Amino acid sequence: MLEIKDLKASTGDTPILNGLSLTVKAGEVHAIMGPNGSGKSTLAQVIAGHEDYVVTEGSVEYKGRDLLELAPEERAREGIFLGFQYPVEIPGVNNAYLLKAALNAKRKHHGVDEVDAFEFLKLAREKMALLGMDPKFLNRGVNEGFSGGEKKRNEILQLAMLEPELAILDETDSGLDIDALKAVAQGVNALRSPDRAIVLVTHYQRLLDYVEPDVVHVLSGGKILRSGDKSLALELEEKGYDWVREAANA
Amino acid sequence: MTTETENIESLVNRRYEHGFVTDIDSDSLPPGLDEDVVRAISARKEEPEFMLEWRLRAYRLWLEMREPTWAHVHYPPIDFNEISYFSAPKSDKDRPKSLDEVDPKLLETYDKLGIPLHERARLAGVAVDAVFDSVSVATTFKEKLSEAGVIFCSFSEAVKNHPELVQKYLGTVVPQRDNFYAALNSAVFSDGSFVYVPKGVRCPMELSTYFRINAANTGQFERTLIVADEGSHVSYLEGCTAPMRDENQLHAAVVELVALEGAEIKYSTVQNWYPGDENGKGGIFNFVTKRGDCRGANSKISWTQVETGSAITWKYPSCILRGDNSVGEFYSVAVANNFQQADTGTKMIHIGRNTRSTIVSKGISAGRAQNAYRGLVRVMPQARDARNHTQCDSLLIGKDCGAHTFPYMEIKNPSARVEHEATTSKISANQLFYCRQRGISEQGSLQGITHGICRRSAESAQRQPRRRRRLGTVNA
Ligand SMILES: Nc1ncnc2c1ncn2[C@@H]1O[C@H](COP(=O)(O)OP(=O)(O)OP(=O)(O)O)[C@@H](O)[C@H]1O
Ligand SMILES: [Mg+2]
């Protein structure tokens, strides 16, 4: 589904990704871990098409197509969803308005009838009930004045509504209380299917207790230094990252 | 919030759609400017002696003047000897008597512009005096207007048929020596529009002219003069659009409005010239002098402009509030994208007693564009009880663009009340990206976010008593 080869990307004159390769197949859940500032969010942003980051070398293929040629909104309509580490506030823009516009942009792209206000509300209320979210959030400005955890829940609501084929969740588990963490895990697990893939960027094992990854990667210095199965995450929790770096340098 | 803003939003980031060149044989003068060129223009237009003298005086004044450098814009130097100062469609020699005789290619051009001349004119009840490369080729609704006694014609026709009116009013609002570009225009203007509304007449329809620059390297020098006699009323719409070009083209128009006692003039501009491409190449240089003179008591002049084009815009529609109780208004929305530079604003000169002016300026900047508002409110010593309210709102999209506000106030009468409000809102690249990542188009995202900003600012304006920054308020 996603094939990244020797990817190098920089912002301004600063290189951040330094020859990163990663293959994610449909049906898989990958976890990406790594020290602060190692380039995890940058990787996510590059996949989503943020223009602050320029790809200088390498390639990214998605569903067999050159992903880097597509505009951010085209990538989204083709099924890529990024749960942001820091969801931005958009004052005055109704949460429901954004969700409905997003949903319909995607449906239109795929030649499916757009939902009307009534269908939309029904769907949104259902998903919110599943995630334990108060329906009043629909009428607030997008992330406007939301607490850290509420913002993350809002990302999951969007995820649940848009049902992407490739979901990249950048630390969606950070800053969540126990109930919210379970709700997030539930949202992610509900999405799991043979034709979808999920990439979880996380610092903690606790999310992985609920969502079992097929592959765990360690990203450091803009490269994947090591990949393994779910036991790698446990090992990292216990020993930190230094041993991975030392092993890579040796 | 306002429909005005909504329409504007959708214009941001739209590629220029009117980029094509009509292949009509033009009859142009070779590039360059000297007295002989001025004489040639006047001769070709078969002008009376007074017109030639007037042009020559302007030319001599222009020679003594320097290009202004103070506007907040940057552009390569213009070589005034590389510009051709006259170009008229060949068909000028045997003018069409009706639309059927109009060069079909010209009509096609209007079609491409989305102005099916006859259709739109008929449906909207608009009289269109179509200016095509400086010479009017089609004028409709003449009859209905002449029934009302309204004169609406090309400037050249006015010089021929109503020389006494032209001589009486030309240059009385914008004198030849007013500024560098006005002087240049006065010397070489090719054509334009002329309107005279007699005493007590309400013009039966909105008058409209579509300007279009077409011949390569031809500076466009339009001259417009609108005179509203006592107690009359007229509304005028100017629309502009230019085909895509690789070289920058100069445009230096002059618009003069005269409102006599109790008269009202509303002048609207929708400007949609080619702004240059994403890298700032091509596009129109637009240096325009527009001024209205509320000459009589209780008169009113109102400028409305929507500015979305031009590589460089330098434009300050102004009002001279000479008559007692006269009213001047300026409403402007300027959208600048890519490398566009807009430096616009207004001057309100209060001379009469109890004169009032209102300025509302909204600027939207995106890409690397620079938007500047420059406003002058001058209250003369004799202008008792003058009032002005100015409101400037700027919206910035992304981090590489800028908005600059330069309000100048010169208050020489202590009874004046002058208020200035300014707001700046920003749309960050991350907000845009967030929406686009959810599948919403760039334009849709911009619209949505701008909407949100407007909504919030409208709400906060309702909640709190109006926050006002008072500048130059002096209480006697
Ligand atoms: N727009 C930017 N401008 C300048 N530097 C940037 C920018 N984006 C990222 N960086 C730098 O690139 C490096 C990688 O950042 P990134 O956000 O990808 O890290 P991360 O792995 O997600 O870290 P964390 O675990 O703290 O979220 C950091 O050193 C960061 O400061
Ligand atoms: Mg990060």
Side-chain angles (χ1 to χ4, degrees), chain A residues 11 44-45 47-53 70-110 140-145 151 154-155 157-159 161-164 167-168 170, chain B residues 1-2 5-6 9-10 12-15 278-279 337-338 362 364 366-368 393-401 423-464:
Chain A
T11 180
Q45 304 263 15
I47 295 171
H50 198 299
E51 61 187 23
D52 276 3
Y53 305 96
L70 302 182
E73 57 268 35
E74 292 170 322
R75 301 182 193 196
R77 293 172 199 161
E78 280 296 325
I80 293 181
F81 178 93
L82 171 58
F84 288 85
Q85 182 175 1
Y86 304 109
V88 68
E89 301 196 9
I90 311 179
V93 176
N94 222 299
N95 218 4
Y97 171 86
L98 179 91
L99 258 179
K100 181 160 168 265
L103 188 61
N104 280 336
K106 193 168 174 185
R107 292 176 75 105
K108 197 170 168 197
H109 178 74
H110 291 285
R140 284 178 58 175
V142 175
N143 296 321
E144 193 181 3
K151 285 181 183 168
N154 202 32
E155 295 291 289
L157 171 64
Q158 296 179 10
L159 173 83
M161 293 287 287
L162 296 172
E163 302 185 319
I168 303 162
D170 191 357
Chain B
M1 181 181 55
T2 59
T5 327
E6 279 166 37
E9 291 157 20
S10 67
V12 181
N13 258 350
R14 182 195 277 183
R15 290 257 163 73
E278 277 96 355
N279 303 314
N337 200 0
N338 298 329
K362 296 186 187 291
I364 301 176
R368 294 171 178 278
D393 298 321
S394 312
L395 179 63
L396 302 177
I397 302 168
K399 60 184 185 330
D400 299 324
C401 57
T423 66
T424 302
S425 319
K426 278 186 187 158
I427 292 181
S428 74
N430 283 338
Q431 288 174 322
L432 253 184
F433 181 65
Y434 189 87
C435 295
R436 294 178 74 189
Q437 208 303 304
R438 297 304 182 241
I440 302 166
S441 69
E442 190 172 6
Q443 190 162 321
S445 305
L446 265 178
Q447 270 180 32
I449 300 168
T450 311
H451 228 97
I453 291 175
C454 295
R455 198 163 129 187
R456 281 287 174 270
S457 61
E459 284 167 3
S460 74
Q462 276 164 14
R463 262 199 310 276
Q464 311 158 2

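Protein chains get the first letters and strands the later ones, always in sequence-line order, with residue 1 at the start of each. Keep in mind the model is a prediction, meaning the values are calculated, not measured.
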Nearest heavy-atom neighbours spanning [X] and [Y]:
X      : Y      : value
B:G439 : A:A105 : O-CB, 3.2 Å
A:P72  : B:F433 : CB-CE1, 4.0 Å
A:V93  : B:I449 : CG2-CA, 3.9 Å
B:I440 : A:A101 : CD1-CB, 3.7 Å

Given a strict heavy-atom distance threshold of 4.5 Å, which part of [X] is in contact with chain B: side chain, backbone, both, or neither?
X     : result
A:P87 : both
A:Y86 : neither
A:L99 : neither

Who among A:N104, A:I90, A:L103, A:D52 has the most heavy-atom pairs with chain B under 4.5 Å?
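Among A:N104, A:I90, A:L103, A:D52, the one with the most close pairs to chain B is A:I90.
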Under the 3.5 angstrom rule, does the side chain of B:Q437 hit a backbone N or O of A:G83 as a donor-acceptor pair?
no
Counting N and O atoms only, with roles assigned by atom type, does the side chain of B:R438 sit under 3.5 Å from a partner on the main chain of A:E73, one being a donor and the other an acceptor?
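Not a single qualifying donor-acceptor pair exists.
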If we only count heavy atoms from C-beta on, is the A:E89 to B:S428 side-chain gap below 4.5 Å?
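No; the side chains remain at least 4.5 Å from each other.
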To the closest 0.5 Å, what do you measure between CG (A:L98) and OG (B:S445)?
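A:L98 CG to B:S445 OG: 8.5 Å, rounded to 0.5 Å.
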Starting at NE2 of A:H109, measure out to OG of B:S441 and round the result to the nearest 0.5 Å.
13.0 Å
Aromatic rings A:F84 and B:Y434: how do their planes relate, parallel, tilted or perpendicular, breaks at 30° and 60°?
tilted
